[in-house]
Amino acid sequence: MLDIKFIRENPEKVKEACQAKKEEVDVDRLLKLDKKYLRLLQKTEELRHKRREVSKKLPKKGTAPKYSKEELKKYEEETRKAKEERNKLLLEVPNLPAPDVKFGQSELDNEVIRTWGKKPDFGFEPLDYLVLAESLDLIDVKRASKVSGTRFGYLKNEAVLLEFALVNFALATLIKEGFQPVVPPALISEDSMLGMGYLAHGGEEETYHLTRDRLYLTGTSEQSIGPMYKDEVLSEEELPKRYVAFSSCFRREAGSWGKDTKGIFRVHQFDKVEMFAFTTQEDSIKEHDYFLSLEEKLVRTLGIPYRVVKMCTSDLGNPAARKFDIECWIPSQGKYRETHSTSCCTDYQARRLNIKYKDKNGKKHLIHTVNGTAFAIGRTIIALIENFQEKDGSILIPKVLRPYMEGKKKITKE
RNA sequence: GGAGGAGUAGCCUAGUGGUCUAAGGCGGCGCCCUGCUAAGGCGUUAGUCCCUUUGGGGGCUCGUGAGUUCGAAUCUCACCUCCUCCGCCA
């Protein structure tokens, strides 16, 4: 959520941002609703003041100057409605892009800012990860579709060991960097989900909503880590507060019918190790760059070729002010595909969640939030299988993961 | 799921229809006294919104929402959360 005061004072900037993000929000209507609300609020407060004056005098003098209870009630009701209407629209207003983010119309305007690693030269026709994984009995989507439907998968055997190796490797690396490990709830309240700003602009479509219990399944642990400090005031000394979370993630993939239908690249449920930080206003961009550097370090240590893409305005998403993706090389597709993403959400999430920090002078500010992928397990396993396949159909395990897999070097048929 | 209890400012707590415009303690902050494992004294210490001539004025918030009343922290109802016990359960 943006600051309504900021919108009142800078309507043109906000309109520009909506346009740049390709999100249709009627800012003029919002301001009109806001004015209406303020007018009603003033009248309501006036009547309440009158009520207080009346009830103060009454017990002493016994005479009651008249104020209309019905009138107050009417105004209170109208004020409440006007506020509700205004807030509904206010929540739709996206965060402003950071100054260094390029204006762009679509993902075609995203900018590749760095490419790392040599694409493997196999000397044979590389196979698709699913073919390899099925022949090695690592992934089973056929039976998963029997049990659960489309877009699900079983990870089996060494793929499972790989998952836990990746988790342990990420945890070890990030704990060394001062991150606190956490396993968060995968079900969160409607309030928490709203606070993270993922329900606006059709976001509701993307999430599993358990209406009977009024809970949402989280699409990423960002959604359960952010609200941890809802309505709290942290002190500046404890910032940045960094978490590394492991959780299953659930996504309806409603807007991606027909896209990546094969295998486990795009599924309704996957596990992810996620980084999250609460920072000061001054440090959030620095923290965001740091998150990107950690993501690169993790991928580099595995040895997967990748590139870094800086998102243009239209590809930022609602809460983000700035966003990078890491795309890993997928040989069978001859393409880089997204495996990591890191966003700086400035105070957009914190305002809604009411998370603040006290600076050295005791002054309170809204906190800034930064999130980023450490490993999206499924996609990382895909990249590993594809890039480290050998001619005989076996898979070489990256050195750094071997200690977590009892020294195993290779996944082979035997 | 059932029975009982509780929810008051950062934390702990007082409070039974109108001086509650919420007392006190702890913690924090400032100053004073002192002078070495310190102790004490004085003061200060919630958030949020609106208006403003920038002096200030006003509203709301005692878990949340409704109700009763001229007036609600206080009475009524519903809901939420936590605690205790019971039931079920990995």
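Sequence lines set the chain letters: A, B, ... in the order given, protein chains first and strands last, and positions in each chain run from 1.
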### Footprint string (nucleotides 49-56 of chain B, 5' to 3'): B base within contact, S backbone only, - free, heavy atoms under 4.0 Å
SSS-----
### Summary
Taking a pair to mean Watson-Crick or G-U wobble geometry with both distances below 3.5 Å, B:C36 pairs with none
### Nucleotide forming a Watson-Crick or wobble pair with B:U16, both distances under 3.5 Å
none
### Task
Could you tell me whether the side chain of A:Pro94 reaches within less than 4.5 Å of the side chain of A:Val25, counting heavy atoms only?
yes
### Message
Please determine whether side-chain hydrogen bond (donor to acceptor under 3.5 Å, both in side chains) holds for the pair A:Tyr37 and A:Asn87, giving the CA-CA distance in whole Å, both sets of side-chain angles, and the decisive distance to 0.1 Å.
### Response
CA-CA 10 Å; A:Tyr37 160 66; A:Asn87 285 351; over 6 Å; no
### Query
Paired with B:A22 by Watson-Crick or G-U wobble geometry, both distances under 3.5 Å: which nucleotide is it?
none
Look for any protein N or O under 3.5 Å of an N or O in nucleotides 27-30 of chain B and output each such pair with its distance, or none.
none

### Query
What is the nucleic acid contact for A:Lys358, judged by heavy atoms within less than 4.0 Å: base, sugar-phosphate only, or nothing?
nothing
### Query
Across all strands shown, which nucleotide pairs with B:G43 by Watson-Crick or G-U wobble geometry, both distances under 3.5 Å?
B:C29
### Query
Looking at the rings of A:Phe276 and A:Phe278, which for Trp means the six-membered one, are their centres under 6.0 Å apart?
yes
### Message
Going by purine N1 to pyrimidine N3 plus the second Watson-Crick contact, or the G-U wobble pair, all under 3.5 Å, which nucleotide sits opposite B:U84?
### Response
B:A3
#### Entry: Cation over ring face, A:Lys43 and A:Tyr75, 6.0 Å, 45°
yes
### Query
Does OP1 or OP2 of B:C79 have a side-chain N or O of A:Arg214 closer than 4.0 Å?
no
### Query
Between B:G59 and A:His49, is there an OP1 or OP2 to side-chain N/O distance shorter than 4.0 Å?
yes
### Message
Please evaluate residues A:His365 and A:Tyr357 with respect to the criterion ring pair (Phe, Tyr, Trp, His ring centres under 6.0 Å), reporting the C-alpha separation (whole Å), side-chain torsions for both, the decisive distance (0.1 Å), and the verdict.
### Response
CA-CA 6 Å; A:His365 310 273; A:Tyr357 69 95; 5.3 Å; yes
### Query
Centre of A:Phe265's six-membered ring, under 6.0 Å away, within 45 degrees of the axis: is that where NZ or CZ of A:Arg379 sits?
yes
### Spacing of CH2 belonging to A:Trp329 relative to OH belonging to A:Tyr306, to within rounding of 0.5 Å
16.0 Å
### Query
In Å, rounded to the nearest 0.5 Å, how long is the span from CG of A:Leu89 to CG of A:Leu30?
4.5 Å
### Query
At under 4.0 Å between heavy atoms, what does A:Lys73 touch on the DNA or RNA strands: base, sugar-phosphate, or nothing?
sugar-phosphate
### Query
Does B:C77 have a Watson-Crick or wobble partner in any strand here, with both distances under 3.5 angstrom, and which is it?
B:G65
### Task
Report yes if a side-chain nitrogen or oxygen of A:Arg48 is closer than 4.0 Å to either non-bridging phosphate oxygen (OP1 or OP2) of B:G58; otherwise report no.
no
